[in-house]
Engineer: 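Handing you this structure, nothing more for now.
Here the structure is a predicted model, which is why all the values come from computation and not from measurement. Just so it is clear, the values below take in all heavy atoms, side chains as well, and ignore hydrogens, waters and symmetry mates.
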Amino acid sequence: MANTFLTRISKLEQYNSINKTVLWEDGIESRWTNVYGQLQLNDNAIFIAANKLLIGTVTQINPRQSILCSNIQEVFCSNDQFLQLHEIYPEQISRVKANFQPFIHPQQIDISKLISDANAKRFVSYYILANTEKYEELKPILKPNDRIVLINSNDTFDNIQLQSTTGLIPFQNVSISVQGLSLQEVLELNQAVKRKSKRSNNVTRVQEVIKTTSENGVYKFKTFFSYYDFLYNKLVYKNSPTISNSKIKLNTNETVFKVSMSGKDINEEAFNYLIENNLVIVHRDTPAKGTSYQTQGDTFANQMKIGDYFYLCRGNSNLEVIGRITSNIEECEFGDLGDDGWLQRSYEIVAEAEKEGSYQDEKKWWTPNDNSTCIVIPKNEIANANKKIFIPFFQTEFEYEKINPENITEIISNTNMASTLNQILFGPPGTGKTYNTINKAIGIANPSFDLSQSRSEIKKEFDRLMKEEQIVFTTFHQSMNYEDFIEGIKPIEPEKEGDPISYQIEYGIFRNLCIEASFAIAQLRENKTTEEVLDFSILYDTFAESVEEKLLKGEQVELDTKTGGTVLVDSISQKGNFVIKHHDGTRTYTVSKARLTKLQSAIKNLDDVSNINDQFREVIGGSNSSAYWSVLNAIRKEKRTQSTNKETRTYTFSDKKEVVSSLTKSDYVNKNGKPFVLIIDEINRGNVSQIFGELITLIEDDKRLGKDEALEVTLPYSKEKFGVPPNLFIIGTMNTADRSVEALDTALRRRFSFEEMPPNPN
């Protein structure tokens, strides 16, 4: 039995109209647990756009990342029309309302019938009829599956029924909330309930139904929403005022915010539109609170993220909903608010306010009676917020999960705050800046370590992490340069006296650490690529060593070519590359390990290579294809003798570099590799512009690999692509008494958070 996955699609670039595919990317963990995890290959998928449906089948699932849907059919149908298709059973998906958050339909759907009905415009209608006589009168014009609600002889509502070719039949598994109530009782219940917006106010509609059914005996709803809101609304027609509190479990990366859309800034028309379309807005220029360095506009735009929660209030006149953020920021779509600087995010409703009236308790930045717009509720205040706001107004409470030592490194490395990724401790001499970097670095690299232990135990743990190169310590000085920090050309000592000095590109402190951090992410890949690259790296090194031994003994090493001939191995270079030449030639060709690794991954069977030049150059560019074929073929023929036990395998830096070069941008998305920390002592004593170079931009949180705005640059010496992984943290120290502090680069300043370390008189 096939599931049917439904969601609204707002970014149509996800739809490839040529290949007829939709690549649905979503990294929200809770959705993979509660929604996407139920999907299997060949399940149905329905993407609801503004004026059409994209309907296809699930053909690929990349867990925690994306879903590929193929064989997409375009069906022109608006949101309102979609909810008038009987085959979609709209009464069972009412919770999606206008936003269609991702979910699995509770019922099996006949997709062929759905498409047929949509194309033929076979839409159902929704009626309230005053009596059976009126039904008999209208029967000739009613369509199959029209929804009919009759008012019986007791002047109360019967349950809903469906029109069929033989008359009215029960609507299986569907019950209206007003069953057994009279129109007058329905009116009184709606008058007693606070509504979020005037446009959703049922009072006027109920009065219209009373008037129309009294005069004409029939009321026809104009939209599915008005029909559902009138007949099914559980908030209005709930049987008992007592509702048990629901608990929301939070992981340590999730944050709860207060958001206020005050009537002073947002008029009723705009507010009603935003509420009905599940949108929350904040002006980008909303200032900071108190002495905070971060503006509230920046909090909404950059600190708030998909999956975070918030409660919405209208100043302190009403509390509205608890929502969960489902989108990144974009310009507000209502009227000209976007042009005026208002930013919006969409959300899904978690709970609606059950209590009317304003908040009258203690005033804090995050309470409705404070003049704040977008404020974080601190983790240590959640219990207080539950008591004062969430339980009394929403009958809901939040609870943070207890930290599990097994996944705590993932928790730390997944933190999106720039203040965690890049931070500088500053203050006068002797205030403990360097001393405190040790605690901070351990807290990031091994959060389960108890920092309340003695200083000797803390230092012992720090030394261990330094030895394992999870923490690297360096000090900036006036002679430090880009070549030391990123990469540069360095001289290589001759192997024996009289040999010429050679030069090679060497990685600096920071780039070496980036390789280590990226390798930790590579080990999380859910495919075999990492192990395959490592296996080939060992095969390559083993083969190169055996060839070098033969050459040192004066033996000639021949390798087969694709055309049936042979070439000679002239030498193995200091970099470990093969130098190849033809029997009758003096020209040599270099075969590098990095390029050969790419060929190994791209070409599974060398016998399938028909055009060696075109097929090899497509993978590695304009290198000598015959030489590469010969070396790869020889390596694949070698019998591997050493153990491949993953538990005991040790990886050389060369192995790690090869694996990292095989990573793609998507491999970094939502990956929480083991955290690495670079401590830069006296960061302001070096020429930071010269030392950091292009790194100044790359270290930003949203420019890190795997992020939406990720950037890579081509390095000047190696000509290789380089980006900064998301699991590398930088802690600097800065002496404010040093005159060179005045020259600290402004571009660097704004990419770090600063923590003052003032003198402690005690």
Engineer: Assess whether ring pair (Phe, Tyr, Trp, His ring centres under 6.0 Å) is satisfied between Y36 and F5, documenting all intermediate values.
Structural biologist: CA-CA 8 Å; Y36 307 136; F5 163 61; 5.6 Å; yes
Engineer: If you apply the rule side chain to side chain contact (heavy atoms under 4.5 Å, CB included), what do you find for K289 with I375, and how did you get there?
Structural biologist: CA-CA 9 Å; K289 286 285 292 182; I375 289 290; 3.6 Å; yes
Engineer: Looking only at heavy atoms, what is the nearest atom pair of V259 and C374, with distance?
Structural biologist: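 Distance-wise, the nearest heavy atoms are CG2-SG, 4.4 Å.
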Engineer: Mind checking the NZ-CD1 spacing from K305 to I325? Nearest 0.5 Å is all I need.
Structural biologist: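 K305 NZ to I325 CD1: 10.5 Å, rounded to 0.5 Å.
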Engineer: Compute whether any side-chain donor of one residue and acceptor of the other, for R284 and T295, lie under 3.5 angstrom apart.
Structural biologist: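 Note: R284 and T295 side chains miss the donor-acceptor criterion.
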Engineer: Is any side-chain heavy atom of E333 closer than 4.5 Å to one of Y273?
Structural biologist: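 With C-beta onward as the side chain, the pair touches.
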Engineer: Are L319 and P368 packed together at the side-chain level, in the sense that at least one heavy-atom pair is separated by less than 4.5 angstrom?
Structural biologist: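 Yes - at least one pair of side-chain heavy atoms lies under 4.5 Å apart.
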Engineer: Of the non-hydrogen atoms in L705 and A710, which two are nearest, and what is the gap between them?
Structural biologist: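 The answer is CA-CB, 4.0 Å.
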Engineer: To the nearest 0.5 Å, how far apart are CG in L114 and CG in D110?
Structural biologist: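 It comes to 8.5 Å.
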Engineer: Assess R704 against Y668: is NZ or CZ under 6.0 Å from the centre of the six-membered ring, and within 45 degrees of the ring's axis?
Structural biologist: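 Judged by the rule (NZ or CZ under 6.0 Å from the ring centre, within 45° of its axis), R704 is not positioned above Y668.
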Engineer: Check D370 with K258, please: is the shortest side-chain N to carboxylate O separation under 4.0 Å?
Structural biologist: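 The answer is no: the pair does not qualify as a salt bridge.
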Engineer: May I ask you to decide if E320's main-chain N or O and N318's side chain share a donor-acceptor pair within less than 3.5 Å?
Structural biologist: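 It does not hold such a pair.
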Engineer: Do the side chains of S346 and L279 get nearer than 4.5 Å, heavy atoms only?
Structural biologist: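 Counting from C-beta outward, L279 and S346 do come under 4.5 Å.
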Engineer: Any side-chain to backbone donor/acceptor pair from N16 onto N19? Under 3.5 Å, distance only.
Structural biologist: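 Looks like yes, one N/O pair under 3.5 Å.
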Engineer: Tell me, do W366 and P378 make a side-chain contact under 4.5 Å, heavy atoms counted?
Structural biologist: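 Side chain of W366 against side chain of P378, heavy atoms only: contact under 4.5 Å found.
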Engineer: Taking atom CG of L41 and atom CD1 of I61, what is their separation to the nearest 0.5 Å?
Structural biologist: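 The CG atom of L41 sits 5.0 Å away from the CD1 atom of I61.
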Engineer: Would you indicate whether the side-chain heavy atoms of D340 and C332 approach each other to under 4.5 Å?
Structural biologist: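 In short, these two side chains do not touch, never coming nearer than 4.5 Å.
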Engineer: Out of curiosity, Y126 OH to I148 CD1, how far, rounded to the nearest 0.5 Å?
Structural biologist: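 CD1 of I148 is found 11.5 Å from OH of Y126.
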Engineer: Do I128 and F221 come close enough that some side-chain heavy atom pair is under 4.5 Å?
Structural biologist: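 The answer is yes, as the side chains (C-beta and beyond) meet within the 4.5 Å cut-off.
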Engineer: Can you tell whether the side chains of E268 and R314 come within less than 4.0 Å, N to carboxylate O?
Structural biologist: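 Looking at E268 and R314, the cut-off is met.
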Engineer: Begin with the C-alpha distance, continue with both residues' side-chain angles, and end with the deciding distance and a verdict on side chain to side chain contact (heavy atoms under 4.5 Å, CB included) for I46 and I111.
Structural biologist: CA-CA 9 Å; I46 302 176; I111 292 295; 4.1 Å; yes
Engineer: With under 30° as parallel and over 60° as perpendicular, where do the rings of H105 and Y89 fit, or are they tilted in between?
Structural biologist: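 Judged by the thresholds at 30° and 60°, the geometry between H105 and Y89 is perpendicular.
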Engineer: Consider ring-ring contact (aromatic ring centres under 6.0 Å, His included). Of Y309, F310, Y311, which one does F390 pass it with?
Structural biologist: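 Option passing the ring-ring contact (aromatic ring centres under 6.0 Å, His included) with F390: Y311.
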Engineer: Can you tell me how far CZ of R324 sits from CD1 of I306, rounded to the nearest 0.5 angstrom?
Structural biologist: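 Reported value, rounded in 0.5 Å steps: 10.5 Å.
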Engineer: Checking L6 against I88 for the side chain to side chain contact (heavy atoms under 4.5 Å, CB included) test, could you report, in this order, the C-alpha distance in whole Å, the side-chain angles of both residues, the deciding distance, and whether it holds?
Structural biologist: CA-CA 10 Å; L6 294 93; I88 201 62; 3.9 Å; yes
Engineer: Ignoring hydrogens and angles, tell me if any N or O in the side chain of N159 forms a donor-acceptor pair with the backbone of V174 under 3.5 Å.
Structural biologist: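 Yes, because the side chain of N159 sits within donor-acceptor range (under 3.5 Å) of the backbone of V174.
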Engineer: Testing the 3.5 Å rule here: is there a donor-acceptor pair between the side chains of S262 and S260?
Structural biologist: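 S262 vs S260: no donor-acceptor pair found between side chains.
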Engineer: Please state whether the rings of Y228 and Y232 are parallel, tilted or perpendicular, taking 30° and 60° as the class boundaries.
Structural biologist: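 Because their plane-to-plane angle is under 30°, the rings of Y228 and Y232 count as parallel.
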Engineer: Would you check if the side chain of W24 reaches a backbone N or O of Q14 as a donor-acceptor pair within less than 3.5 Å?
Structural biologist: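 Between the backbone of Q14 and the side chain of W24 there is no qualifying donor-acceptor contact (under 3.5 Å).
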Engineer: Say whether, by atom type as modelled, one donor and one acceptor occur between the side chain of D336 and the main chain of D339 under 3.5 angstrom.
Structural biologist: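 Flag not set: sc D336 to bb D339 has no pair under 3.5 Å.
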Engineer: Is the side chain of N386 donor-acceptor paired with the backbone N or O of F398 at a distance under 3.5 Å, no angle test?
Structural biologist: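 Pair found, side chain donor or acceptor close to backbone of F398.
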Engineer: Are E709 and K703 within salt-bridge range, i.e. N to O under 4.0 Å?
Structural biologist: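 Looking at K703 together with E709, the answer is no, because their closest N to O distance does not fall below 4.0 Å.
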Engineer: Going from NZ on K121 to CD on Q84, what distance comes out if it is rounded to the nearest 0.5 angstrom?
Structural biologist: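 These two atoms lie 11.0 Å from each other.
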Engineer: Does a side-chain heavy-atom distance below 4.5 Å link I281 with M261?
Structural biologist: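 When only atoms from C-beta onward are counted, M261 and I281 do touch, with a gap below 4.5 Å.
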Engineer: Are the side chains of V669 and E25 in contact, using a 4.5 Å heavy-atom criterion?
Structural biologist: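 They are not in contact (no side-chain heavy atoms under 4.5 Å apart), so the answer is no.
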Engineer: Between S226 and D229, is any side-chain donor less than 3.5 angstrom from a side-chain acceptor?
Structural biologist: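 Result is no, nothing qualifies.
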Engineer: Indicate whether the side chain of Y127 and that of Q163 have a donor and an acceptor atom separated by less than 3.5 Å.
Structural biologist: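 Absent: no donor and acceptor within the cut-off.
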Engineer: As a quick check of understanding, evaluate side chain to side chain contact (heavy atoms under 4.5 Å, CB included) for I48 and I9, giving each step before the final call.
Structural biologist: CA-CA 6 Å; I48 300 117; I9 183 168; 6.0 Å; no
